[in-house]
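Model, not experiment: these values are computed from the prediction. When reading the values below, keep in mind they use all heavy atoms of this one structure, side chains included, and skip hydrogens, waters and symmetry mates.
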Amino acid sequence: MGTRDPSDYGRRWTRRLTTALVDRGFTIVSGLADGIDTETHRACVERGGRTIAVMGTGVDVVYPQRNGDLYQQIVQTGLILSEYPKGTQPDRVHFPQRNRIIAGLCRAILVMEAPKKSGALITAQLANDYNREVYILPGSLDNPRSRGCLELLSQGAQAILDEEHLLELLGAIPTLNPKP
(Lines give C-alpha, C1' and ligand atoms only; values in the text may rest on other atoms or scores of the structure.)
Protein backbone atom coordinates (compact mmCIF):
# COMPACT_ATOMS: atom_id res chain seq x y z
CA MET A 1 0.00 0.00 0.00
CA GLY A 2 1.17 3.48 -0.53
CA THR A 3 1.38 6.66 -2.50
CA ARG A 4 0.40 7.01 -6.13
CA ASP A 5 3.61 9.01 -6.64
CA PRO A 6 6.40 6.94 -5.07
CA SER A 7 10.07 7.81 -5.02
CA ASP A 8 12.66 5.54 -6.63
CA TYR A 9 13.41 4.30 -3.09
CA GLY A 10 9.74 3.38 -2.56
CA ARG A 11 9.51 1.60 -5.92
CA ARG A 12 12.77 -0.29 -5.39
CA TRP A 13 11.87 -1.51 -1.90
CA THR A 14 8.32 -2.38 -2.94
CA ARG A 15 9.71 -4.66 -5.63
CA ARG A 16 12.34 -6.16 -3.31
CA LEU A 17 9.89 -6.90 -0.51
CA THR A 18 7.20 -8.18 -2.88
CA THR A 19 9.70 -10.56 -4.48
CA ALA A 20 10.78 -11.87 -1.08
CA LEU A 21 7.15 -12.41 -0.03
CA VAL A 22 6.17 -14.12 -3.29
CA ASP A 23 9.18 -16.43 -3.03
CA ARG A 24 7.96 -17.47 0.43
CA GLY A 25 4.43 -18.22 -0.80
CA PHE A 26 2.58 -15.14 0.40
CA THR A 27 -0.38 -13.82 -1.59
CA ILE A 28 -0.16 -10.13 -2.44
CA VAL A 29 -3.31 -8.01 -2.01
CA SER A 30 -3.53 -4.43 -3.21
CA GLY A 31 -5.79 -2.00 -5.05
CA LEU A 32 -4.34 -1.74 -8.59
CA ALA A 33 -3.97 2.03 -8.16
CA ASP A 34 -1.06 3.97 -9.63
CA GLY A 35 2.25 3.94 -7.83
CA ILE A 36 2.97 1.47 -5.05
CA ASP A 37 -0.06 -0.71 -5.85
CA THR A 38 1.05 -1.03 -9.47
CA GLU A 39 4.62 -1.85 -8.43
CA THR A 40 3.57 -4.57 -6.02
CA HIS A 41 1.09 -6.24 -8.41
CA ARG A 42 3.60 -6.07 -11.29
CA ALA A 43 6.45 -7.52 -9.20
CA CYS A 44 4.15 -10.31 -8.03
CA VAL A 45 2.95 -11.21 -11.53
CA GLU A 46 6.50 -11.09 -12.94
CA ARG A 47 7.65 -13.46 -10.20
CA GLY A 48 4.77 -15.88 -10.83
CA GLY A 49 3.07 -15.20 -7.50
CA ARG A 50 -0.54 -14.99 -6.43
CA THR A 51 -2.13 -11.55 -6.32
CA ILE A 52 -5.56 -10.13 -5.58
CA ALA A 53 -6.57 -6.71 -6.92
CA VAL A 54 -9.42 -5.15 -4.94
CA MET A 55 -11.06 -2.64 -7.24
CA GLY A 56 -12.82 0.61 -6.41
CA THR A 57 -14.83 0.11 -9.62
CA GLY A 58 -16.76 -2.76 -11.14
CA VAL A 59 -14.55 -5.77 -11.89
CA ASP A 60 -14.85 -4.99 -15.59
CA VAL A 61 -13.69 -1.35 -15.33
CA VAL A 62 -9.92 -0.89 -15.37
CA TYR A 63 -8.81 2.14 -13.38
CA PRO A 64 -6.42 3.66 -14.01
CA GLN A 65 -6.66 2.71 -17.68
CA ARG A 66 -2.86 2.63 -18.05
CA ASN A 67 -2.93 -0.52 -15.88
CA GLY A 68 -4.92 -2.38 -18.56
CA ASP A 69 -2.13 -4.84 -19.40
CA LEU A 70 -1.45 -5.52 -15.73
CA TYR A 71 -5.19 -5.99 -15.14
CA GLN A 72 -5.28 -8.60 -17.93
CA GLN A 73 -2.30 -10.44 -16.40
CA ILE A 74 -4.05 -10.52 -13.02
CA VAL A 75 -7.25 -11.79 -14.64
CA GLN A 76 -5.20 -14.68 -16.08
CA THR A 77 -3.15 -15.54 -12.99
CA GLY A 78 -4.79 -13.95 -9.95
CA LEU A 79 -8.08 -12.53 -8.78
CA ILE A 80 -9.91 -9.26 -9.47
CA LEU A 81 -12.38 -8.49 -6.68
CA SER A 82 -14.94 -5.73 -6.17
CA GLU A 83 -18.04 -5.07 -4.10
CA TYR A 84 -19.39 -2.83 -6.86
CA PRO A 85 -21.63 -4.05 -9.70
CA LYS A 86 -20.29 -4.64 -13.17
CA GLY A 87 -19.89 -1.36 -15.05
CA THR A 88 -19.41 0.81 -11.94
CA GLN A 89 -17.16 3.72 -12.91
CA PRO A 90 -14.50 5.30 -10.67
CA ASP A 91 -15.82 7.47 -7.86
CA ARG A 92 -13.52 9.01 -5.26
CA VAL A 93 -15.62 7.63 -2.37
CA HIS A 94 -15.25 4.03 -3.59
CA PHE A 95 -11.50 3.85 -3.08
CA PRO A 96 -11.38 4.55 0.68
CA GLN A 97 -14.36 2.20 1.09
CA ARG A 98 -12.62 -0.68 -0.69
CA ASN A 99 -9.69 -0.38 1.74
CA ARG A 100 -11.70 -2.19 4.43
CA ILE A 101 -11.81 -5.22 2.12
CA ILE A 102 -8.06 -5.09 1.59
CA ALA A 103 -7.49 -4.84 5.35
CA GLY A 104 -9.94 -7.69 5.98
CA LEU A 105 -8.28 -10.02 3.47
CA CYS A 106 -4.78 -9.51 4.84
CA ARG A 107 -3.02 -10.84 7.90
CA ALA A 108 -0.54 -7.96 7.66
CA ILE A 109 -0.43 -4.60 5.86
CA LEU A 110 2.77 -3.08 4.50
CA VAL A 111 2.74 0.67 3.94
CA MET A 112 5.66 1.52 1.70
CA GLU A 113 5.36 5.29 1.30
CA ALA A 114 2.44 7.43 2.37
CA PRO A 115 2.09 11.17 2.83
CA LYS A 116 0.06 12.55 5.74
CA LYS A 117 -3.17 12.18 3.74
CA SER A 118 -3.18 8.83 2.03
CA GLY A 119 -5.61 6.00 1.41
CA ALA A 120 -2.89 3.67 2.65
CA LEU A 121 -3.23 5.24 6.09
CA ILE A 122 -6.95 4.45 6.04
CA THR A 123 -6.08 0.84 5.26
CA ALA A 124 -3.50 0.78 8.04
CA GLN A 125 -6.02 2.13 10.56
CA LEU A 126 -8.59 -0.45 9.47
CA ALA A 127 -5.97 -3.20 9.73
CA ASN A 128 -5.16 -2.02 13.24
CA ASP A 129 -8.88 -2.07 14.10
CA TYR A 130 -9.07 -5.64 12.73
CA ASN A 131 -6.07 -6.70 14.86
CA ARG A 132 -3.80 -7.10 11.84
CA GLU A 133 -0.09 -6.36 11.86
CA VAL A 134 1.01 -3.07 10.25
CA TYR A 135 4.54 -2.65 8.90
CA ILE A 136 6.09 0.42 7.34
CA LEU A 137 9.08 1.13 5.15
CA PRO A 138 10.96 3.81 7.07
CA GLY A 139 11.86 6.87 5.04
CA SER A 140 13.55 10.19 5.42
CA LEU A 141 12.07 12.91 7.59
CA ASP A 142 12.75 15.21 4.63
CA ASN A 143 10.54 13.17 2.30
CA PRO A 144 6.84 14.17 2.51
CA ARG A 145 5.99 10.74 1.00
CA SER A 146 7.29 9.15 4.21
CA ARG A 147 5.49 11.31 6.75
CA GLY A 148 2.42 9.07 7.06
CA CYS A 149 4.57 5.97 7.47
CA LEU A 150 6.65 7.61 10.18
CA GLU A 151 3.49 8.69 12.04
CA LEU A 152 2.26 5.08 11.93
CA LEU A 153 5.28 4.16 14.07
CA SER A 154 3.80 6.16 16.95
CA GLN A 155 0.59 4.12 16.55
CA GLY A 156 2.32 0.77 16.94
CA ALA A 157 3.43 -0.09 13.41
CA GLN A 158 6.76 -1.85 13.06
CA ALA A 159 9.56 -0.66 10.78
CA ILE A 160 10.87 -3.00 8.09
CA LEU A 161 14.68 -3.08 8.08
CA ASP A 162 15.18 -5.40 5.09
CA GLU A 163 13.72 -8.49 3.43
CA GLU A 164 14.95 -10.95 6.06
CA HIS A 165 13.67 -8.74 8.88
CA LEU A 166 10.21 -8.63 7.29
CA LEU A 167 10.17 -12.39 6.79
CA GLU A 168 11.23 -12.83 10.42
CA LEU A 169 8.39 -10.54 11.56
CA LEU A 170 5.94 -12.51 9.43
CA GLY A 171 7.36 -15.85 10.53
CA ALA A 172 4.33 -16.77 12.62
CA ILE A 173 1.96 -16.27 9.68
CA PRO A 174 1.46 -19.50 7.72
CA THR A 175 2.15 -19.40 3.97
CA LEU A 176 0.98 -21.49 1.06
CA ASN A 177 3.39 -23.41 -1.15
CA PRO A 178 6.62 -21.43 -0.86
CA LYS A 179 8.70 -21.44 -4.04
CA PRO A 180 11.57 -23.96 -4.00
Between [Y] and [X], do the side chains contain a donor N or O and an acceptor N or O under 3.5 Å apart?
X: Ser7; Y: Glu113; value: yes
X: Thr40; Y: Ser30; value: no
X: Gln73; Y: Asp69; value: no

For [X] and [Y], indicate whether the former's side chain and the latter's backbone hold a donor-acceptor pair under 3.5 Å.
X: Arg11; Y: Gly35; answer: no
X: Thr123; Y: Gly119; answer: yes
X: Ser118; Y: Pro115; answer: no
X: Thr51; Y: His41; answer: no
X: Thr38; Y: Ala33; answer: yes

query = Stepwise, does the side chain to side chain contact (heavy atoms under 4.5 Å, CB included) test hold for Asp23 with Arg47?
reply = CA-CA 8 Å; Asp23 286 352; Arg47 197 70 177 180; 2.7 Å; yes

query = Which of these passes side chain to side chain contact (heavy atoms under 4.5 Å, CB included) with Leu32: Leu70, Ile52, Asp37?
reply = Leu70

inquiry  = Give me each pair satisfying ring-ring contact (aromatic ring centres under 6.0 Å, His included) with a member in residues 75-128, each pair once, sequence neighbours excluded.
reply    = Tyr63-Phe95, Tyr84-His94

ask   = So which heavy atom on Gly139 is nearest to which on Ser146, and how close?
value = CA-OG, 3.3 Å

Salt bridge [X]-[Y], side-chain N to carboxylate O under 4.0 Å:
X: Arg98; Y: Glu83; answer: no
X: Glu39; Y: Arg12; answer: no
X: Glu163; Y: Arg16; answer: yes

Do [X] and [Y] have side chains that approach each other closer than 4.5 Å (heavy atoms only, starting at C-beta)?
X: Phe26; Y: Leu170; result: yes
X: Trp13; Y: Thr18; result: no
X: Ile80; Y: Met55; result: yes

message = Applying a strict under-4.5 Å side-chain criterion to I, L, V, M, F, W and Y, I'd like to know whether Leu121 and Leu110 cluster together.
response = no

task = Treat each ILVMFWY residue as a node, draw an edge where side-chain heavy atoms are under 4.5 Å apart, and state whether Val75 and Val45 are in one component.
result = yes

ask   = salt bridge (charged side-chain N to carboxylate O under 4.0 Å, His left out) with Asp34: which of Arg42, Arg4, Arg66?
value = Arg66

ask   = Hey, what do you get for CG (Leu152) to CD (Gln158), rounding to the nearest 0.5 Å?
value = 12.5 Å

ask   = Does atom CG of Asp8 have more than 12 heavy-atom neighbours, drawn from other residues, nucleotides or ligands, at distances under 6.0 Å?
value = no

